[in-house]
Amino acid sequence: MAGASRSRSRCAQHDATRAQGAALLEATRVLQTRQEELARQIAVPQQQEDQSFRVGNMPVSCAGHVKLNAVSQRTGGGQVPDGSILCDFPIPVASL
């Protein structure tokens, strides 16, 4: 009789351990799903921020192109001296 009682007690403990393990496994799966969801939510703004800069807490991004105007000047008398008004404002008829 004592052996049967011990066997039932072990069986009950084993069942309780299994139930606890199953509950822990389910909790782990729920946490993993939540973690993946949060990672996706973080990834979207991060991708947008990679293409922007911040002003305070607000991300600012620009799209489009950059326009570049280049001017070349060739004079018969050589290079235009530094500090000359011709450096800042090239005049087509001006020569040295």
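Computed from a predicted model, the values in this text were never measured in an experiment.
Within the structure, side-chain hydrogen bond (donor to acceptor under 3.5 Å, both in side chains) contacts touching residues 12-21 (residues at least two apart or in different chains) are H14-R18.
Within 6.0 Å of CD on Q35 lie no more than 12 heavy atoms contributed by other residues, nucleotides or ligands.
Partners of L38 according to the side-chain contact (heavy atoms from CB on, under 4.5 Å) rule, which considers only residues two or more places apart in sequence or in another chain, are R34, Q41.
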Which pairs would a plain distance check flag for residues 22-30, meaning a side-chain donor or acceptor within less than 3.5 Å of a matching protein atom at least two apart in sequence or in another chain?
residue: T28; atom: OG1; partner: L24; partner atom: O; Å: 2.8

